[in-house]
2 protein chains.
Amino acid sequence: MKEGTFELPGNCRLTSDYDVLQWDVREGCEVRQILDRIADKWSLLVIALLDKRTMRFAELLRSIKGVSKRMLTTTLRQLERDGIVERTVYPTVPPKVEYNLTPLGNSLHETVKALVIWTEANQVKIAEARDRYETRQSEGL
Amino acid sequence: MKEGTFELPGNCRLTSDYDVLQWDVREGCEVRQILDRIADKWSLLVIALLDKRTMRFAELLRSIKGVSKRMLTTTLRQLERDGIVERTVYPTVPPKVEYNLTPLGNSLHETVKALVIWTEANQVKIAEARDRYETRQSEGL
DNA sequence: CCGAATCCAGGATGATACTG
DNA sequence: CAGTATCATCCTGGATTCGG
């Protein structure tokens, strides 16, 4: 393996021209930054839920158990900023704000969905692996 | 939309039998828990790097710029526990520890790779969206 | 020398109360 | 309803230490 080709700095660019995924150090790229954003716990759930649907803030808040108002707001703002979700404000009383995926967000949704479905499909295997791990812990060392 | 079917509690199960991804509240499932783990910033990078390859600890540490020893150790332990990476210790001096993906990990790799490639392919669009967002901020409100 | 465990400071996150 | 402000808390990361 060539030294240096797998470097993965804060600002980097990656190329996937090879069978083995290669990380290439280049000037001013933001792959890591973007990946950190969309691979975020709450972002993934928001993207997964907003599939060809429009949801209001409170609806998302109720749907994603465990998220706080502040984090949901932050997450949605970031996704809006990155052009993944669209935010529509209705100047009514009481206020009404709707969120939906942009075309860019929809293209990302496919991948996120695949990740979620993988998780669903393999939860039993993972649970078994955990059991084996725990067993090994209490037995061996 | 039926109320309740999109609930997403800490312990939940999701079904994807419909075109619209549905989240269903069931007994003792761990989809959220697993998703939180693999959707973790460092986990994704580790999985992406360990494609059909074996890497040593220090090698991963160097490749993933910005990760600390402690977080890399923690991440690798969790992935090992979940049966996604395999850890091999060679009792030599100096010690040598190698990591590689398990078959389960390899199946996950495909999905993770897709996510990384999407990020790479769309980084320009996202950068443009950010510019538009900033512009809108400084202009309008 | 390599990898893991410990301790501490700083940043991220959650709960709550408040505003338009 | 949809956030914002504030404060307490938790987690992360870095330095150091330890063990092999």
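Here is the naming used below: chain letters follow the sequence lines, and residue numbers restart at 1 for every chain.
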Checklist entry - Looking for any heavy atom pair under 4.0 Å, which part of the strands does Val93(B) touch: base, sugar-phosphate only, or nothing? => result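 Counting heavy atoms under 4.0 Å across all strands, no contact is made by Val93(B).
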Rounded distance (Å) that lies between atom [atom2] of [N] and atom [atom1] of [X]:
X: Leu61(A); N: dA15(C); atom1: CG; atom2: P; answer: 11 Å
X: Arg62(A); N: dG3(D); atom1: CZ; atom2: P; answer: 14 Å
X: Ile64(A); N: dT13(C); atom1: CD1; atom2: C1'; answer: 16 Å
X: Lys41(B); N: dA12(C); atom1: NZ; atom2: P; answer: 10 Å
X: Glu59(A); N: dA2(D); atom1: CD; atom2: C1'; answer: 14 Å
X: Leu72(B); N: dC2(C); atom1: CG; atom2: P; answer: 15 Å
X: Met71(A); N: dA12(C); atom1: CE; atom2: C1'; answer: 8 Å
X: Lys69(B); N: dT6(C); atom1: NZ; atom2: P; answer: 15 Å

Checklist entry - Considering only side-chain heavy atoms of Tyr99(A), which listed nucleotide, dG20(C), dG3(D), dG20(D), is closest? => result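 Out of dG20(C), dG3(D), dG20(D), the nucleotide with an atom closest to Tyr99(A)'s side chain is dG3(D).
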Item to check | Candidates dA2(D), dA4(C), dT4(D) - which lies nearest the side chain of Arg77(A) | outcome: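 Given the options dA2(D), dA4(C), dT4(D), the side chain of Arg77(A) is closest to dT4(D).
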Next on the checklist: With no hydrogens and no angle check, just 3.5 Å: does a side-chain donor-acceptor pair link Glu86(A) and Tyr99(A)?
Outcome noted: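 No.
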So how far is it from [X] [atom1] to [Y] [atom2], rounded to the nearest 0.5 Å?
X: Lys41(A); Y: Lys41(B); atom1: NZ; atom2: NZ; result: 15.0 Å
X: Asn106(A); Y: Asp51(A); atom1: CG; atom2: CG; result: 7.0 Å
X: Lys69(B); Y: Phe57(B); atom1: NZ; atom2: CZ; result: 7.0 Å

Item to check | Toward the 5' end of DNA chain C, by each residue's nearest nucleotide, Trp42(A) or Pro95(A) | outcome: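 Counting from the 5' end, the first nearest nucleotide belongs to Trp42(A).
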Checklist entry - Starting at the 5' end of DNA chain C and moving along, which residue's nearest nucleotide shows up first, Val67(A) or Pro94(B)? => result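 Going by which nucleotide is closer to the 5' end, it is Pro94(B).
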Item to check | Base dG3(D) to side chain Arg70(A), donor-acceptor N/O within 3.5 Å cut-off | outcome: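 No such pair is found, so the answer is no.
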Next on the checklist: Measuring to OP1 and OP2 of dG3(D), would you say a side-chain N or O of Thr73(A) lies under 4.0 angstrom away?
Outcome noted: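 Negative; the distance criterion is not met.
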Next on the checklist: dG3(C), OP1 or OP2 - any side-chain N/O from Arg56(B) closer than 4.0 Å?
Outcome noted: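 Yes.
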Checklist entry - Does Lys125(B) NZ have over 12 foreign heavy atoms under 6.0 Å away? => result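 Atom NZ in Lys125(B) is not crowded, with 12 or fewer foreign heavy atoms closer than 6.0 Å.
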